[in-house]
Amino acid sequence: MVSDVDRRWLREAVETSRLCVPSKTAYAVGAVIVSADGREISRGHSRDQGPVVHAEQSALMRLGTSAGDLSGVTMYSSMEPCTSRRSAPATCCDLIIAAGIGRAVLALPEPPTFVKCVGIAMLSGVGIEVVTVPELAAEVMAINAALLEVPAIPGTAEAT
């Protein structure tokens with residue numbers, strides 16, 4: 001169930017994604033971690049702590065190892081957390097699961113531009129509640145438009 005609180009925090013994650021250093025090989029993603037009582041406890045965006053750091057990874061790094069029980073915490077991410085990556089041994093889904101986060105809210109399933117992501121299924125499969133807010137998907141796609149453009153096929157009207 002999507003609440004107004006979910007929409008508010010997810011909009012924060014989407015706005016945070018606008019801070020990303022542009023890349024031709026990675027999406028601009030923002031993440032905000034919110035406590036069970038509705039307080040922001042961490043946030044991050046793609047590439048804010050290094051050229052291959054993902055948004056969810058960054059937010060979890062800022063949270064640190066002494067965060068305690070995170071089962072009542074919600075991870076808001078502008079895009080589906082990754083399930084495949086070459087730049088690190090753990091995916092964002094692996095990190096979310098290992099941290100014990102109980103809920104994830106996202107705007108857009110990861111488009112298949114780079115890999116086939118199965119983050120929603122992976123998180124749901126281990127009992128994490130996953131909520132999507134498709135009304136914010138167009139904004140996330142617009143932020144990542146340069147990566148989502150489909151090249152025109154030679155000989156078609158779009159190519160001329």
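Fair warning: this is a prediction, and the values are worked out from it, not measured in the lab.
- Arg43 places no side-chain N or O within donor-acceptor distance of the main-chain N or O of Ala13, the cut-off being under 3.5 Å.
- When all heavy atoms are compared, the tightest approach of Thr83 to Lys116 is OG1-O, 4.1 Å.
- The local environment of CE in Met61 is crowded, with over 12 non-hydrogen atoms from other residues, nucleotides or ligands closer than 6.0 Å.
- Between the side chain of Asp48 and the backbone N or O of Gly44 there is no donor-acceptor pair closer than 3.5 Å.
- Across every non-hydrogen atom of Leu60 and Ile96, the tightest pair is CD1-N, 4.0 Å.
- Under the 3.5 Å distance criterion, the side-chain polar atoms of Thr74 are left unmatched by any main-chain donor or acceptor of Val34.
- Note: Leu108 CG to Ser17 OG = 10.5 Å, rounded to the nearest 0.5 Å.
- Side chain of Thr132 to main chain of Pro134: no donor-acceptor pair is present (N/O by atom type, distance under 3.5 Å, no hydrogens or angles).
- From Ile128, atom CD1 reaches atom SG of Cys93 across 7.5 Å, with rounding to the nearest 0.5 Å.
- In this structure, Leu63 and Val73 have side chains that are not in contact, with every pair of non-hydrogen atoms separated by 4.5 Å or more.
- In the hydrophobic clustering of ILVMFWY residues, with side-chain heavy atoms under 4.5 Å counting as a link, Leu106 and Val131 come out apart.
- Remark: side-chain polar atoms of Arg85 are paired, donor with acceptor, to backbone N or O of Val52 under 3.5 angstrom.
- When atom types are taken as modelled, the side chain of Arg47 and the backbone of Cys20 share no donor-acceptor pair closer than 3.5 angstrom.
- Residues Val105 and Met75 form no side-chain contact, since every pair of their non-hydrogen atoms from C-beta on lies 4.5 Å or further apart.
- Although no hydrogens or angles enter the test, the distance criterion places no donor-acceptor pair under 3.5 Å between the side chain of Ser46 and the main chain of Ala28.
- Under a hydrophobic clustering in which Ile, Leu, Val, Met, Phe, Trp and Tyr are joined whenever their side-chain heavy atoms come within less than 4.5 Å, directly or via other members, Leu19 and Leu10 fall into different clusters.
- Screening Glu110, His54, Glu56 for a side chain to side chain donor-acceptor pair (under 3.5 Å) involving Ser77 leaves a single residue, Glu56.
- Closest approach of Val29 to Ala55, counting heavy atoms only: O-CB, 3.2 Å.
- Of the inter-residue distances, the one linking Trp9 atom CH2 with Thr16 atom OG1 reads 9.5 Å to the nearest 0.5 angstrom.
- Between Phe114 and Leu147, some side-chain heavy-atom pair lies under the 4.5 Å cut-off.
- When all heavy atoms of Leu70 and Ala99 are compared, the closest pair comes out as CD1-O, 3.5 Å.
- If you chain together hydrophobic residues whose side chains sit under 4.5 Å apart, Met79 and Leu148 fall into the same group.
- Nearest heavy-atom pair, Ala107 versus Val140, reported as atom, atom and distance to 0.1 Å: CB-CG2, 3.8 Å.
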| Pair Met141-Ile143, side chain to side chain contact (heavy atoms under 4.5 Å, CB included): steps then yes or no | CA-CA 5 Å; Met141 290 178 71; Ile143 292 167; over 6 Å; no

| query | Does the pair His45 and Glu15 meet the rule for a side chain to side chain contact (heavy atoms under 4.5 Å, CB included), with working shown? | reply | CA-CA 10 Å; His45 61 275; Glu15 286 306 309; over 6 Å; no

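- Side chain of Tyr27 to backbone of Pro111: a donor-acceptor contact under 3.5 angstrom is found.
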| message | One pair to check against side chain to side chain contact (heavy atoms under 4.5 Å, CB included): Ser58 and Arg62. What are the steps and the verdict? | response | CA-CA 6 Å; Ser58 173; Arg62 282 193 172 88; 2.7 Å; yes

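- Residues Val115 and Val118 fall into different hydrophobic clusters, defined by Ile, Leu, Val, Met, Phe, Trp and Tyr side chains chained together at heavy-atom separations under 4.5 Å.
- The backbone N or O of Val32 sits nowhere less than 3.5 Å from a side-chain atom of Glu40 that would complete a donor-acceptor pair.
- For the residue pair Pro81 and Leu123, the shortest heavy atom distance occurs at CG-CD1, 4.2 Å.
- How far CG of Asp6 is from CZ of Arg11: 11.0 Å, rounded to the nearest 0.5 Å.
- A donor-acceptor pair under 3.5 Å is absent between the side-chain atoms of Gln57 and the main chain of Cys92, judged by distance alone.
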| task | Could you walk me through whether Cys117 and Glu80 pass side chain to side chain contact (heavy atoms under 4.5 Å, CB included), step by step? | result | CA-CA 8 Å; Cys117 184; Glu80 179 179 21; 3.6 Å; yes

